[in-house]
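Here the structure is a predicted model, which is why all the values come from computation and not from measurement. Lettering follows sequence order; numbering is per chain, from 1.
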2 protein chains.
Amino acid sequence: MNYSDIAKLLTENELKVTPQRVAVIDALFALKNHPTADAVKEFVRKNHPNLALGTVYNTLETFCEKGIVRKVKTDRDFMRYDIITQNHHHLYCGQCDRIEDFFDEELDEILLNYFSKKPIPGWDIKNIKLQIDGNYTNHKPPKNE
Amino acid sequence: MNYSDIAKLLTENELKVTPQRVAVIDALFALKNHPTADAVKEFVRKNHPNLALGTVYNTLETFCEKGIVRKVKTDRDFMRYDIITQNHHHLYCGQCDRIEDFFDEELDEILLNYFSKKPIPGWDIKNIKLQIDGNYTNHKPPKNE
DNA sequence: TTACTAAATAAGAATAATTCCCATTTAAGA
DNA sequence: TCTTAAATGGGAATTATTCTTATTTAGTAA
């Protein structure tokens, strides 16, 4: 995502285009594995050494309110953040802190179908996400690239 | 769950049967809506006023390690705890702090089937839970009971 | 370009959930 | 009953996150 795309995204959401916000969006796209606020701060400070940690939190919170970013629940310690692209599920590794996105439209279809036929009494369902717990088995030896 | 059931559960998991642990198990069964550590402390102190908050945390952590209890993290504030009975999913209300259990064996069957036919490369799947976000619409007026 | 203003940010203090430490107590087995 | 490793109480320490306030800035209109 280039600068003008980011600026557009912010403007569409009635947010001022500040260097800090652009930097946070950049970080969210660059950092895989659903970064913590602290990881975003580290990334962002490479180019903006004075960017305050409080600003990172503020910015992420604002983005969540606007629906640009989603908070990711883990059963570990901190909050982690996920820039929203399309509906997707999460794979959680039980042995390391990896959280991977999982896209599967066929599965989404099945779930949508299932719950439209069998609604849950007393609940108005907005969104269904899978939390898939397992172990990441694909650790490859490092290559020179 | 009566005392001897709880004692059995603890012994089976190689844990000493202490009044504090029994009280925490009692609290987890009594409190609905996936209590926080603080809610457990409050409940437990009715009968054990000196029970330390640190002990509540220790006990819950120990139970999690043994698989007696599961941590439930929301995108809000604290860690919450869920005593494990059988496989189930969670309904999260977007408007209040309600987290409800959701049991559906037919759905579990469908998911099991789906992923056995279509495994995820690089991942060894242990468990699939649904995170169902929506709004609880069933708030009833209080009755005298 | 300049001036204006509401919004955003920097810096650091404050808050509070959770963890840690250690002296004392206790459950369970011999 | 005795012994000992494990558990607990009490409170201090840690630290992710929020809050506060003075300063700066993006966007707008003249």
[X] side chain, from C-beta outward: closest of [options]:
{"X": "B:Lys16", "options": "C:dA28, C:dT18, D:dT8", "value": "C:dA28"}
{"X": "B:Tyr57", "options": "D:dA7, C:dT9, C:dA17", "value": "C:dA17"}
{"X": "A:Thr18", "options": "D:dA26, C:dA28, D:dT17", "value": "D:dA26"}
{"X": "A:Ala37", "options": "C:dT18, D:dT8, D:dT17", "value": "D:dT17"}
{"X": "A:Ala52", "options": "D:dG9, C:dT18, C:dA10", "value": "C:dA10"}
{"X": "B:Thr59", "options": "C:dA28, D:dT8, C:dA10", "value": "D:dT8"}
{"X": "B:Thr55", "options": "D:dT8, C:dA10, C:dT18", "value": "D:dT8"}

Can you tell me how the ring of A:His34 sits relative to the ring of A:His90, calling it parallel under 30°, perpendicular over 60° and tilted otherwise? perpendicular

Rounded to whole Å, how long is the line connecting atom [atom1] of [X] with atom [atom2] of [N]?
{"X": "B:Lys66", "N": "D:dA6", "atom1": "NZ", "atom2": "P", "result": "11 Å"}
{"X": "A:Lys41", "N": "D:dT15", "atom1": "NZ", "atom2": "P", "result": "13 Å"}
{"X": "A:Leu10", "N": "C:dA7", "atom1": "CG", "atom2": "P", "result": "16 Å"}
{"X": "A:Glu14", "N": "C:dA6", "atom1": "CD", "atom2": "P", "result": "17 Å"}
{"X": "A:Leu53", "N": "D:dA16", "atom1": "CG", "atom2": "P", "result": "9 Å"}
{"X": "A:Leu60", "N": "C:dT9", "atom1": "CG", "atom2": "P", "result": "11 Å"}
{"X": "A:Asp38", "N": "D:dT14", "atom1": "CG", "atom2": "P", "result": "18 Å"}
{"X": "A:Tyr81", "N": "D:dA16", "atom1": "OH", "atom2": "C1'", "result": "10 Å"}

Within a reach of under 6.0 Å around CD of A:Glu14, are more than 12 heavy atoms found that belong to other residues, nucleotides or ligands? no

NZ (A:Lys8) with more than 12 external heavy atoms under 6.0 Å: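 It does not: A:Lys8 NZ has 12 such atoms or fewer within range.
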
Identified side chain to side chain contact (heavy atoms under 4.5 Å, CB included) counterpart of A:Thr62 within the set A:Val69, A:Leu15, A:Asn13: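 That would be A:Leu15.
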
Between the side chains of A:Lys126 and A:Asp124, is the shortest nitrogen-to-carboxylate-oxygen separation below 4.0 Å, so that they form an ion pair? yes

Given that B:Leu51 and A:Glu61 both sit by DNA chain D, which one's nearest nucleotide is further toward the 5' end?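 On the 5' side of the pair lies B:Leu51.
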
Would you indicate what A:Pro19 reaches in the nucleic acid, counting non-hydrogen atoms under 4.0 angstrom: base, sugar-phosphate, or nothing? sugar-phosphate

Can you find a side-chain donor-acceptor pair between B:Asn135 and B:Thr137 that sits under 3.5 Å?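 Judged by distance alone, the side chains do not pair up.
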
Reading DNA chain C from 5' onward, which residue's closest nucleotide shows up sooner: B:Thr11 or A:Leu15?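 Result: A:Leu15.
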
Closer to the 5' end of DNA chain C via nearest nucleotide, is it A:Gln20 or B:Asn58?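 Closer to the 5' end of DNA chain C: A:Gln20.
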
Could you go through B:Asp104 and A:Lys118, starting from their C-alpha distance and side-chain angles, then the distance that decides it, and tell me whether this counts as side-chain contact (heavy atoms from CB on, under 4.5 Å)? CA-CA 11 Å; B:Asp104 189 332; A:Lys118 193 176 178 179; 3.4 Å; yes

Atom of B:Val56, atom of B:Ala37 and distance for their closest heavy-atom approach: CG1-O, 3.7 Å

Divergence of helical axes at both termini of the helix from C:dT1-D:dA30 to C:dA30-D:dT1 - five pairs an end, 10° steps: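 The end-segment axes of the helix from C:dT1-D:dA30 to C:dA30-D:dT1 are tilted 40° relative to each other.
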
